[in-house]
Q: 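Shown below is the structure under consideration.
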Amino acid sequence: MSPVRRFVEEDIPEVADLHRTVFRLVSVTSWGWLECYEAYFKEVFLNSLWQDEELSSLVYEDSDGRIVGFLGVIRRKMLLNGELVRIAICSQFIVHPQKRGVVGLQLIRALFEGHQDLSITDEANDATRRIWESRGGSACPLYSIHWTRPLRPAQLALSILRRRKPLGSTARACGPFTRIVDDIAARLDGILFRQPIPRLSGEDLDETTFLACLPEFTDGRLLRPQYDDHSLKWVLERAGLKRGGGRFEKVVVRNEHRRIAGWYLYYVDLSGIGQVLQIAANGYSINDVLDHLLYHAWVRGVVALSGRLDPFFIKELSDKHCLFHCGGPWMVVHSKRPELLQAIYRGDAFLTRLEGEWCLRFRLDPD
Amino acid sequence: MAILPDKLAEEIEQFIRREFRVMPDDQGFSRDVHLYDAGYVDSTGVVELLAFLESTFHVKLEDEHIFSEAFTTITGISRVVALCLNGEPVHCYEAEESQRAGKPIDEGNAASVRIVEG
């Protein structure tokens, strides 16, 4: 009988090898790859900040004692109507290609039998979603909707075409012309690609401000995150690690009386779409915060922004001409507490990418 | 009247051949091949197989069925389904198989997942 057990430090080399196999990195990994994996697993899945005796990452051993499956789990704290609840954020769900079958189902079953109040994976592909659903999990359509807001439409079209091999060289040749088209579009009155100068001002967001103001901007939500100095510092550092997606910006928006209207976290990606991690605002300030974000990104040359829908602001995002799409990645959840699930199904949860798997991603190259 | 596993096996085999595109001349495929180890069915394939079994044979498969040693071959799956339909516990089948193989009979928790402290 093959047990599912807690992931421990001694498992790192085997799990690292499994990860490389599953993601086909064996041929491309450079010298020092094991050290890179060791640092990653220790920092993320063996970090005492996110682990406790009852909640840990899991491995599946086959009858020969080899690790053929892994499920990364970290513990996060949230408040449900003021009550502290324990959340398991799940990531890096991998099974050896030659050992599939019930391994994944067993790992998910073991996860669901844990002591957490709620299990979440928010970057699930279709295969993962179906496995979770087969064991009693459910997809959350509202939090699986993503939005895209073009800022430079011609260059956005170009960046999409560049990824299609037959059209890549043609797309590159059209580069200068698309910039002219976008410049003209930005100068025309009454067109949505002209970004007006925002009414409010912005400055760098620091952790103290974030911690002090988060309750105000999440107060109306039934389910909301709970951070302390250490956990916030950790997620923001992980989010800010150098990555292909551009420079990480954290901007707090203030009104004319210096009162905080909200903030946003996003990546200034000049080669593609700037990903938005989090937008915090209330019903009165969201339009101003969105205006600031759109302008901030536009003056820095971003061609489009994209983020995950916060259901509270669906109208405002729509009013700003964001395009909505659904079909992955999925947010899938499981809980034995119906009130937790209802809060999420109703869209009454502050669950941004910052709270999810985004900061748990693996990067092959160290800093 | 008890449901015979052989009839179930025929339908299950046809489903697996069709759904997982098993080549007609695949010599390695049989009703006794380990579907997972041989790579015919992966994790999402198991999900599809479960949906097929439950909707076709109107049976509810629990974890003890799905994670049992028997639930790895077409022969084993058909017997598990037959046992469910006939209202018999799965470990009766596993005990029978253990006896045939000369192994000690393990009647408890044939397929439960234990969390073992690492």
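Numbers restart at 1 for each chain; the letters A, B, ... are given by sequence-line order, proteins then strands. Please read all numbers here as calculations on a predicted model, not as lab measurements.
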Q: Tell me whether B:Glu19 at atom CD has more than 12 heavy atoms from other residues, nucleotides or ligands lying less than 6.0 Å away.
A: yes
Q: Tell me if the NZ atom of A:Lys77 is crowded by more than 12 foreign heavy atoms within 6.0 Å.
A: no
Q: When heavy-atom pairs shorter than 4.5 Å are enumerated against chain B, which of A:Val95, A:Leu105, A:Thr128 gives the highest number?
A: A:Leu105
Q: For chain B, find its close neighbours in residues 133-143 of chain A: heavy-atom separation under 4.5 Å, sorted by number, or none.
A: A:Ser134, A:Arg135
Q: Can you check whether B:Val46 reaches A:Ile131 side chain to side chain, under 4.5 Å on heavy atoms?
A: no
Q: Looking at A:Gly114, A:Ala127, A:Gly101, A:Ser56, which makes the most heavy-atom pairs under 4.5 Å with chain B?
A: A:Gly101
Q: Give the minimum heavy-atom separation between A:Gly104 and B:Ser43, together with the two atoms involved.
A: N-OG, 4.0 Å
Q: Kindly give the heavy-atom pair with the smallest separation between A:Arg100 and B:Tyr36, and that separation in Å.
A: O-CB, 3.1 Å
Q: Looking at every heavy atom in both A:Arg130 and B:Thr44, which two are closest together, and how far apart are they?
A: NH2-O, 4.2 Å
